[in-house]
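Written out below as structure tokens is the structure these notes cover.
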Amino acid sequence: MAEQEKATRAQVADVDRSLYDFVKPEVGYERFADGLNEEVVRAISAKKDEPDWMLDLRLRSLDIYHKMDMAPNWGPSIDGLDMDNISTYVSSGAEQAASWDEVPEDIKDTFERLGIPQAERSYLAGVGAQYDSELVYHNMQESAAQMGVVYSGIEEALHGEYEGLIHDHFMHLVPPTDHKFAALHGAVWSGGSFVYVPKGVKVEFPLQSYFRLNAKGAGQFEHTLIIVEDGADLHFIEGCSAPKYNVANLHAGCVELFVGKGAHLRYSTIENWSKNMYNLNTKRARVEEDGRMEWVSGSFGSHVSYLYPSTLLVGARSSCEYTGITFAGAGQDLDTGCKMVLTAPDTRISVSAKSLSKGGGKSTFRSEVIVGEKAERAKATVSCASLMLDDQSRSDTIPAMDVRCPSASVGHEATIGRISDDTIAYLMSRGMTEAEARTVVVNGFANPVSKELPMEYAVEMNNLIKLEMEGAIG
Amino acid sequence: MPDELLAIHGLNAGTEEKPILHDIDLTLGTGETHVLMGPNGAGKSTLGRVIMGDPAYQVSSGTIAFDGRDITQESSDKRSLAGVFLSYQAPVEIPGVPLNSFLRTIVQKRPELKMTGREFRRRLKEVASQLDFDSSYLSRELNVGFSGGEKKKVEMMQLLLLKPKLAILDETDSGLDVDALSVVSRGMEAYRAECDGTLLIITHNTRILERLDVDRCHVMVKGHLVAEGDSSLVGEIDREGFGRFETAEAELAGEEA
Ligand SMILES: Nc1ncnc2c1ncn2[C@@H]1O[C@H](COP(=O)(O)OP(=O)(O)OP(=O)(O)O)[C@@H](O)[C@H]1O
Ligand SMILES: [Mg+2]
């Protein structure tokens, strides 16, 4: 146990589920009653002392939520999710700190085990850490602040000079009417990050927000709003994890990204929710002329995921690349992919997705590409490769293309395969055990994604793959 | 007579559906170089893979002893770590796995080859240049898009890095241009000299044997080892083909029936 206590994410050799699967007691926590009603929503709003327009948005969202059907009529089942048993707000009561020393010991220990303070010291320009419903830590390097970069909690930003900017963007890309869980998000959102990168500013090192859901039977509804102005450049990293419980947890976050003219935003995610999690997350980006959006996405955790980052290319010559991998193990039904909407001339997208399934897991890649009438000479390529690691598992590819512009060119390719016996025999003849041989092949398969990640995260991803391959994640 | 490194007795093996190898007896002494020849489809590659422990093949009777130990039931990875090496006739391609990190991984599996990252890189460079292998290819994905000759060189690179006690080279010399052929035969020489290596060379190419001292030559026809002799046998096959051996096999099979 002592060894495990010391384990950190950066260690490659020592892979152990205890890295993610540990629970801290909820002593003296504030936890709102399970279920959802106006009282709960007003209480969250009051707690945050937020502007009236935000309360209005919450109440409007709640109304929409009540009027919408619960289950989508496609995709994985979410029958195991009963909103009456989900607490929408849980707070440790810790004040948000700008120094790890001020973060309560047990929470600090959590993030230390996840490697966050270490990562901040070695290669990040700023870090936000959310624990259950509230941010407990937020800090950014002096140099970035001096260039006018803002990186803070949304609540905090709502009390300052950026309130107007937030008002004009918050849930504009993902309106509460989008779907049931967007409405839910609008009603009870809490925590998350606001990032503002002014014109022409290039942030040299990534910013990272890490979301940890410690509380049993709770929901996490963080909102991430990023505005990258014309000619600016940012790499944002999102990480998430939770310990495993035998009751359902819910994640219904929302990410809204605004990429200005000639700006560049890379949004990387390593998601490792525990396998009792319903991950119903919504992410969307809007890209102006010559802007460039990149998504790098690794989905490993959760019981059920619905996750399709979508990108609206509204400016001429704007482009988007999506690189993603999804690994569904035992008891997982992960429905992931992306949506691309090209409405301007000379826009380009390329999608490269990998999906893996093992131990009876189900992994579905779902993509939708819409090329509008005005998207002259637009180019779209979508490729998806699936690898099934045994006969019980499933991988499906559901690509949809709606092309309304004759001068656009679109291409799609999909491959589904298994690891060949010859490959395993070859690797074993070089001294690898069968399990090692399979891990090598799977890591190779994931390589196009991991090489898009900063080294430390690529290492984490390889660890997650190794964990899955060893079947250690319950 | 040197020590026996590999001793096969009464081996019958094949796939689940069909027997391929019949009553194989074969002994290789430490440091010796043996050649195995025979027509296409005779079972030469199968023998190599059975010695290596490929699970695609089952041994129905007989034993394989390596270095004084019965390895008939042992898994392929254990045989590899014990010092058996097979250079594949058709090496596999593994996307996304860089050649250099693959080589590092298989070297690291062997405590006796312990070296630092820097030592490894130096050794790798040395081996690559010894084999006239473009070192910029070392960061490419394992065998993906490699030419036939390049793949064979990758097999030879592993041989020289791993220094196994026994190397079975399955047509490692086929499909090579003149220069590559001399590079590969020099590689075999280097292996023999540096590691006192034992070689079982499966080949159709009698010319490579002009460059190598051969201790014994074996002929396989339809899964039987039908003849064994010194290197003069190679010359005979070169001149007269397998006709005489096929007749011998027919008699053998007739006896069995
Ligand atoms: N995995 C397998 N499944 C089915 N048949 C096999 C398998 N491996 C080998 N065989 C069959 O066994 C016979 C021997 O094949 P093998 O590859 O050992 O021949 P070889 O002597 O190496 O021939 P070549 O000189 O053409 O390389 C062939 O008829 C081949 O089709
Ligand atoms: Mg062969």
Side-chain angles (χ1 to χ4, degrees), chain A residues 12-13 296 298 323-325 327 352-356 383-389 413-453 455 458-459 461-463 465-466 469, chain B residues 15 45 48-57 74-99 101-113 139-144 151 154-155 157-159 161-162 164 166-168 170:
Chain A
V12 187
V296 181
T323 312
I325 184 162
F327 194 150
S352 166
K354 303 264 172 180
S355 85
L356 284 148
S383 83
C384 176
S386 307
L387 191 60
M388 283 179 277
L389 297 171
E413 66 176 76
T415 56
I416 294 189
R418 294 169 198 281
I419 302 179
S420 79
D421 291 344
D422 272 352
T423 299
I424 298 300
Y426 183 82
L427 292 173
M428 286 182 74
S429 80
R430 300 311 188 230
M432 297 182 199
T433 62
E434 185 177 344
E436 286 166 342
R438 288 179 168 274
T439 303
V440 162
V441 176
V442 168
N443 272 328
F445 180 76
N447 185 51
V449 183
S450 49
K451 77 180 183 209
E452 292 299 319
L453 292 166
M455 222 268 280
V459 167
M461 199 174 101
N462 285 355
N463 277 345
I465 288 173
K466 203 165 155 198
M469 295 306 291
Chain B
T15 64
S45 295
R49 294 176 75 155
V50 168
I51 297 170
M52 193 69 245
D54 189 324
Y57 303 96
E74 219 162 64
S75 64
S76 188
D77 54 320
K78 297 224 177 72
R79 297 184 198 199
S80 166
L81 297 181
V84 183
F85 179 85
L86 170 64
S87 166
Y88 278 68
Q89 183 172 1
V92 300
E93 302 186 2
I94 308 186
V97 177
L99 174 58
S101 64
F102 164 73
L103 294 173
R104 179 83 179 121
T105 306
I106 62 176
V107 166
Q108 274 174 327
K109 297 271 338 167
R110 292 162 166 80
E112 74 276 12
L113 295 178
S139 51
R140 279 174 55 176
E141 299 169 73
L142 180 57
N143 286 335
V144 177
K151 285 180 184 168
V154 170
E155 298 294 285
M157 237 181 329
Q158 296 177 58
L159 170 67
L161 284 171
L162 298 183
L166 168 66
I168 306 162
D170 190 356

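Computed from a predicted model, the values in this text were never measured in an experiment. Order of the sequence lines fixes the chain letters, A, B, ..., with proteins taken first and strands second; residue numbering starts at 1 for each chain.
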Contacting moiety of [X], where chain B heavy atoms sit under 4.5 Å:
{"X": "A:D422", "answer": "both"}
{"X": "A:F445", "answer": "backbone"}
{"X": "A:L427", "answer": "side chain"}

TODO: Quick one: which of A:G431, A:A437, A:A446 has the most heavy-atom pairs under 4.5 Å with chain B, could you say?
DONE: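 Sorted descending by pairs with chain B, the first entry is A:G431.
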TODO: First locate atom CG of A:N443, then atom CD1 of B:I94, and finally report the distance between them rounded to the nearest 0.5 Å.
DONE: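 Interatomic distance, A:N443 CG to B:I94 CD1, rounded to 0.5 Å: 12.0 Å.
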Task: Separation between CD1 of B:I51 and OG of A:S429, rounded to the nearest 0.5 Å - done: 13.0 Å
TODO: Sort out for me which of B:P164, B:P95, B:S101 touches chain A most, counting heavy-atom pairs under 4.5 Å.
DONE: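 Greatest number of close heavy-atom pairs with chain A: B:P95.
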Open item on the list: Is B:E141 in contact with chain A via its backbone, its side chain, both, or neither, using a 4.5 Å heavy-atom distance?
Closed with: neither
Task: Closest non-hydrogen atom pair, B:Y88 against A:A425 - done: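 That closest heavy-atom pairing would be OH-O, 3.6 Å.
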Open item on the list: With heavy-atom distances below 4.5 Å as the criterion, would you say the side chains of B:D77 and A:M432 are in contact?
Closed with: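 No, side chains not in contact.
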Task: salt bridge (charged side-chain N to carboxylate O under 4.0 Å, His left out) against B:E155, all qualifying residues, sequence neighbours excluded - done: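 Only A:R430 meet the salt bridge (charged side-chain N to carboxylate O under 4.0 Å, His left out) criterion with B:E155.
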- [ ] Can you sort out the partners of B:F85 under ring-ring contact (aromatic ring centres under 6.0 Å, His included), two or more places apart, ordered by chain and number?
- [x]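 B:F85 satisfies ring-ring contact (aromatic ring centres under 6.0 Å, His included) with no other residue.
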Task: Within 6.0 angstrom of B:K109 NZ, more than 12 heavy atoms from elsewhere - done: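 It does: B:K109 NZ has more than 12 such atoms within range.
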